[in-house]
Amino acid sequence: MAASGAFIAFFNVFFPNTLYRYPFSSIVVIGFAVTLQLGPLFFTAIEKNSLTYNLNMPLNTFSHALLAIICCVVAHHLYRRSKMLRRFRLRLQSVMLNVGVFRPLNIREVIFMGALGVASFGILPFVGDLRASVFIKFIEGIRFFAVIPSAYLLQVLTEDNSIDCTARDFKRQSAFLIFFVFTILNLIAGLLRNTRSNFIVPVVCFVICYILYWLCGLVRIRLSALLAALLSFFLIFPYLVDLSTAIVMTRGFRANVSPVVLMQETLLQMDDRAAIRSYRQLMASIDTSSDSWNESYVDNLFLARFANAKFPDNSIFYESLLTEKQRSEMQNHTYHEAVSILPSPVLNLFDLDLIKSEAQKSSMGDKMYSLASGNSYALGSFRTGHFFGVAFSVFGWFYLPLLVLSLVFIFPFIDSHALSEFGFQLAPPVISSLAISLLYFWFTLSNKESLIGLLSFPLREYFETILLFTVSRRAIRIIAFR
């Protein structure tokens, strides 16, 4: 059962022409298979732990995982069969073509947008008192720009090889240099914010899209390049794992010191290998049988993002402790989360702004743990919940058909970022640069805390990202030609 759903998912995706016609929705299906089954299976084996390590309800957890993957596959099948959803996807693409989403990036746009993305991460630690301002909301909204250099590198690598070799080689060298420089800048911004996602997400987006291009025949992977990449990865990876651990070790200082001092403390902690080993031993020795919230599963903090069965297990375990009254409170919190998707001007118009501010004070994991444990101080800690337990507490087993309907609704929005049909001829997909910057989000869609969290993309984030992307490109073009 631990891998049966993954085999079903891969069989569904690697059907002839599926990746050509539905590349990004296929990425979502693969993401469900990896994060819910294959990741836990392989990564716990690498660390010489059992698949059920530190899980309170392993049978329930992997049963829900299997059912969720089946729901995802069923939703993908229904979506591919629907002519109405195909027409809807084409209409979305028509709008995206008109606003220039598929227009290739130029180097000026890459530098400006990449700089905005890095700045959006780096500036937030210094402006804690201005979080409610429109400017800060804009800064938070353009964080995905940090992945634009990765998208540009992929764009250059897949350009027509018939152009002049000297010009092509110079353009590729420039793209690699920009990618390297912005990777370093993202790393620095991540250290200032004490977060790992800054430098993980751009690299993961590049890798996922490159593999997708390879599967679609858009790029070739040479053996020498693959061996060089793997060697570099194995040389750098231990240092990145140590850095990731150091970031977690210094997280307690985040509220008390400046971002620059926090970065210095993180680097000093990373250099202290003995302290890192002691911290890992301490984490491994923590009593996992206690009733307190525990998220330990895969020790490697990089791999844990793609294989943490503990979040679903926590949500299922604490859901089983809820009373009917507490489940009603979870329903109210889900309603508040649904309302909070609406833009602030709309909420202010209907006097619902207080509901949004209340919903944003804590996570679904916080709410469930607070109700189950009776600890009101748990709110505001932003524990990571999962839609298995959260949705089950609100809808019961009816959450499974709702999951199917949600994914059927989401898929055309996601696939609208890929042009794959030209007249009656099927061709390798033309992928927007904006889509590449969202690949990590789509691949880990199965990690969402609730069904409302799944629906936030088509209801709001889809339109926000397109608006910010196109407006920023037009503004850069106007400024550059002045």
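- With rounding to the nearest 0.5 Å, the separation of CZ in Phe441 from CD1 in Ile27 is 14.0 Å.
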Could you pull out all donor-acceptor pairs under 3.5 Å where a side-chain atom in residues 180-189 meets a protein atom, sequence neighbours excluded?
unit_1 : atom_1 : unit_2 : atom_2 : d
Thr183 : OG1    : Phe179 : O      : 2.7
Asn186 : ND2    : Phe182 : O      : 3.0

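- Rounding to the nearest 0.5 Å places NE2 of His333 at 10.0 Å from CE of Met368.
- Taking both residues in full, the closest heavy atoms of Ile452 and Glu337 are given as CB-OE1, 3.5 Å, listed atom of the first, atom of the second, then distance.
- For Phe102, there are no ring-ring contact (aromatic ring centres under 6.0 Å, His included) partners two or more places apart in sequence or in a different chain.
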Do any side-chain atoms of residues 260-270 form donor-acceptor pairs under 3.5 angstrom with protein atoms, and if so which ones, sequence neighbours left out?
unit_1 : atom_1 : unit_2 : atom_2 : d
Thr266 : OG1    : Thr250 : OG1    : 3.1
Thr266 : OG1    : Leu262 : O      : 2.8

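- The six-membered or imidazole ring of Phe306 lies away from that of Phe43, with a centre-to-centre distance of 6.0 Å or more.
- Atom CZ of Phe469 and atom CG of Leu434 lie 5.5 Å apart (nearest 0.5 Å).
- Taking the six-membered ring where tryptophan is involved, the planes of His417 and Tyr462 are perpendicular, since the angle between them exceeds 60° and thus also 30°.
- Of the inter-residue distances, the one linking Ser26 atom OG with Leu212 atom CG reads 8.5 Å to the nearest 0.5 angstrom.
- The distance from atom CZ of Phe311 to atom NE2 of His386, rounded to the nearest 0.5 Å, is 9.5 Å.
- Summarising the geometry, atom CZ belonging to Phe62 is positioned 8.0 Å from atom CG belonging to Leu41; distances are rounded to the nearest 0.5 Å.
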